[in-house]
Number of protein chains: 2
Amino acid sequence: MVADKSRSEQRDILGRAPSLADTLALRLRDEISSGRLQAGERLPTEQQLALTYGVSRPIVREAVGRLKHDGLVLSRQGAGAFVAEPGSSSVFRLDVADFSDKAELRHIVELLMAVEASATEHTAERHSEADLATIRTRLDAMQAAIDRGESGVDEDVAFHRAIIDATGNPFFRDLSEFLDRRVRNFIRTARANTARLAGMAQMVQGEHQAIFEAIVARDPQKARMAAETHLKNAAARLALYLGR
Amino acid sequence: MVADKSRSEQRDILGRAPSLADTLALRLRDEISSGRLQAGERLPTEQQLALTYGVSRPIVREAVGRLKHDGLVLSRQGAGAFVAEPGSSSVFRLDVADFSDKAELRHIVELLMAVEASATEHTAERHSEADLATIRTRLDAMQAAIDRGESGVDEDVAFHRAIIDATGNPFFRDLSEFLDRRVRNFIRTARANTARLAGMAQMVQGEHQAIFEAIVARDPQKARMAAETHLKNAAARLALYLGR
DNA sequence: AAAACTCCACTTGTCAGGCAACTTGGTTAT
DNA sequence: ATAACCAAGTTGCCTGACAAGTGGAGTTTT
C-alpha cells in the first residue's frame, strides 16, 4: 500500500511515524502545488481517495479538512471538494520545520531583519510618549542586567519587542516574535554555550542606545540604519558563536 | 447544545454554517491562547471533549488534528494531547480573513512594504547578470504594455516579482506574493474601476525605472529608497483610487 | 524495604457501516 | 418548452469497535 510505504520511510523527530492523515494531506498538497490538480478542478470523492490510498474515509476527511483549513480547497456539501484559486486563500502558512539547510537559517534571519528594521523605522516615525517610556524602561533594564553581570538576553528580547509593539501592527509583532523564537531555538539546540556571548552584552547595549536615540530624535532613516547595523552585527556574532 | 448555538450565530461568506470541527477548533484555540489551558498541560480526552461540546469523537479528532497541524498541541498515542510550548512550534499562520477593518489593510500594506523594500535592497546588493536580464525584460514588457495603452498591472506584478525572486529567498517570495494578492484582491472587491489607474501607468513606470537603475548601480540604499518611494506612492494612489 | 516486573485500565489511532443534508442532472408532468 | 420532481451521488456527521501505545497499581524478586 502506498501510504504504508511512505510511512515507514518518513519519521518525525521522536522517531514516530506520522499519522496517516498527515501523509495523505502532504500527498494531496503536493498534487495541488505541482499542478496535477488544477485550480477549480474537483478532487476525487472521499470514497475514491480512501480506496486509492488504502485508508478509511475518516482519515481522508481529516486530510482534506487540513487542506480546507489552509485554504487550499473548498468543499460544498453534496457537490464535492474543489481546488481553490491560488489567490483566494486568506491564510498564509510558514513552515520552518527543518533547519537542516544553512541557507534556510540565513533566509529566516534575512526576513527577521527586514521586519525588525522596518518596524524600528516606523516606531521612530510615529511613537507616543508612553511607547517611548516603555522602550526606555526596557533599555534601562538591559543595562541593569549587564551591571549585574548577566547576559541579559531576556531584556534584549523585551527591548526589541517594545519597539515593535509601538508600531501597533500585530503582523509585525507576531511575525518577528515567531522568527526570533525560531532563530534563538536554533542557537540553543545548536550549541548551549552562552558564556561567550556575555562579554558582548555591553557592545549590544551600545547599539541599542543608538537605536533608542534615533527613535527619540524621530529620525526614521537613522533608526533604520541603526537597527540594520545592530542586526548585521548580531548575525556576525551568531556566526562567530557557532564557530563557522 | 453549546456547539449548535455558536453555529447558528456565526456563518461564513456563503451563508453556510461553519463545520462543527471548525467551531470546536476555534474554541480550543481560544482556550489555549487565553491561557485557560497552560503550556504542557494535558487536554481533556477526546471522549470528554466530545461529551462537553456535544459532538462525536471524529469531530473532536478533526478539531484537535488542526491544532496539531498548526503546532499548538502535540499528542502521544496512549498518553493524550498536550499544549505545546509557545515557541516550539515550527509553523507560523497568518489569517487575513476580514478586511472589515481599515486598520487591517494598512497593517498588511505596511508589512508588504517592509518585505518589498528589503528584498529590493538585497537584490541591489547581490544579483547575477541573469537576474538583471530578467528584471530588464519585465521592465520593457511593462513599457510595451503602456505603449499599447493597457494598464499593465500584470507586467507590474511580474516586474516586482522578478526583483524579489532575485533575492533567492523563498520566504520573501511567498510572503510578498501572498500579501500582494490580498491587497489586490481587496482593491478588486472594493471597487472595480481600473480606468482611473491607467493614466498613472507612466508615472509608475518612472518609479520602476528609478528602482531598476539603483539595482544596476548596485546601490542598496538608493534601491531601498526608490522602492519605498514607489510603494508609498502606490499606497497614496490606492487611497485616491478608493476615494477616501 | 527497595527495585524490577507484570498486568490492566485508559487514551489515541484507525476502521467499518450507516443516516441526514445537500447538489446535480435527468425525467416526467403540465 | 417549461417547470416541478425525483433519484443517484457526495459531503457532514454519528455510533460502535478494535489495535497500538502509555502509565500506574499491584505483585514479585532481590
Side-chain angles (χ1 to χ4, degrees), chain A residues 1-8 10-28 40-69 72-84, chain B residues 1-8 10-12 14-28 37 40-69 72-84:
Chain A
M1 234 160 272
V2 184
D4 276 17
K5 222 198 296 184
S6 71
R7 274 187 95 191
S8 56
Q10 285 200 8
R11 308 202 147 247
D12 69 6
I13 309 159
L14 303 170
R16 293 147 44 93
S19 73
L20 289 176
D22 273 323
T23 61
L24 179 53
L26 208 67
R27 234 157 213 283
L28 292 176
E41 202 172 339
R42 215 192 77 177
L43 267 71
T45 70
E46 294 180 351
Q47 207 145 24
Q48 278 179 318
L49 286 173
L51 217 64
T52 0
Y53 293 102
V55 295
S56 70
R57 232 193 79 186
I59 297 300
V60 173
R61 285 192 57 74
E62 206 174 319
V64 175
R66 262 167 230 191
L67 299 190
K68 280 196 286 186
H69 184 55
L72 270 70
V73 311
L74 299 170
S75 69
R76 290 192 346 253
Q77 185 172 343
F82 302 83
V83 180
Chain B
M1 235 160 271
V2 183
D4 276 17
K5 221 198 300 184
S6 72
R7 272 187 97 192
S8 56
Q10 287 199 7
R11 307 202 147 249
D12 69 5
L14 303 171
R16 294 148 44 94
S19 74
L20 288 176
D22 273 322
T23 61
L24 178 54
L26 208 66
R27 235 158 211 283
L28 292 176
L37 278 173
E41 201 172 338
R42 214 192 77 178
L43 267 71
T45 70
E46 295 180 350
Q47 209 147 24
Q48 278 178 318
L49 286 173
L51 217 63
T52 343
Y53 293 101
V55 295
S56 71
R57 209 169 69 100
I59 296 300
V60 172
R61 284 192 57 74
E62 205 175 320
V64 174
R66 262 167 230 190
L67 299 190
K68 280 197 287 187
H69 185 56
L72 270 70
V73 312
L74 299 170
S75 69
R76 293 198 337 260
Q77 186 173 342
F82 302 83
V83 180

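To find a chain, count down the sequence lines: A is the first, B the second, and so on, and within it residues start at 1. On a predicted model such as this, the values are computed, not experimentally measured, just so you know.
For L74(A), the side chain to side chain contact (heavy atoms under 4.5 Å, CB included) partners two or more places apart in sequence, or in a different chain, are A84(A). Under the rule for a side chain to side chain contact (heavy atoms under 4.5 Å, CB included), the partners of A21(A) that lie at least two apart in sequence or sit in another chain are S19(A), I59(A), E62(A), R66(A). Taking the salt bridge (Lys or Arg N to Asp or Glu O under 4.0 Å) definition, one finds that R61(A) meets it with E46(A), sequence neighbours left out.
Inter-residue side-chain proximity for V64(B) and V60(B) is flagged as met; some heavy-atom pair is nearer than 4.5 Å. Within the 4.5 Å cutoff, the side chain of L28(A) has heavy atoms near those of the L49(A) side chain. L37(B) places none of its side-chain heavy atoms less than 4.5 Å from the side chain of V73(B).
When the options T23(A), L20(A), L24(A) are evaluated for a side-chain contact (heavy atoms from CB on, under 4.5 Å) with Y53(A), the one that passes is L24(A).
Summarising the geometry of F82(B) relative to L43(B), their closest heavy-atom pair is C-CD1, 4.1 Å, with the distance given to 0.1 Å. Summarising the geometry of A50(B) relative to S56(B), their closest heavy-atom pair is CB-C, 4.0 Å, with the distance given to 0.1 Å.
Less than 4.0 Å separates DNA chain C from at least one heavy atom of each of the following residues of residues 58-69 of chain A: I59(A).
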Any N/O pairs under 3.5 Å between the protein and nucleotides 9-11 of chain C? List them or say none.
{"unit_1": "dT11(C)", "atom_1": "O2", "unit_2": "G78(B)", "atom_2": "N", "d": "3.4"}

Between protein and nucleotides 4-7 of chain D, what N or O pairs are separated by less than 3.5 Å?
none

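Per the geometry, CG belonging to L43(A) stands 19 Å off P belonging to dT23(C), to the nearest Å. One can place CG of L74(B) at 16 Å from C1' of dG13(C), the figure rounded to the nearest angstrom.
Other residues, nucleotides and ligands contribute more than 12 heavy atoms inside 6.0 Å of the CD atom of E41(A).
Under 3.5 Å, the side chain of R57(A) and the base of dG12(D) form at least one donor-acceptor pair of N or O atoms.
Applying the 4.0 Å criterion to OP1 and OP2 of dA21(C), one finds that R76(A) has every side-chain N and O outside that range.
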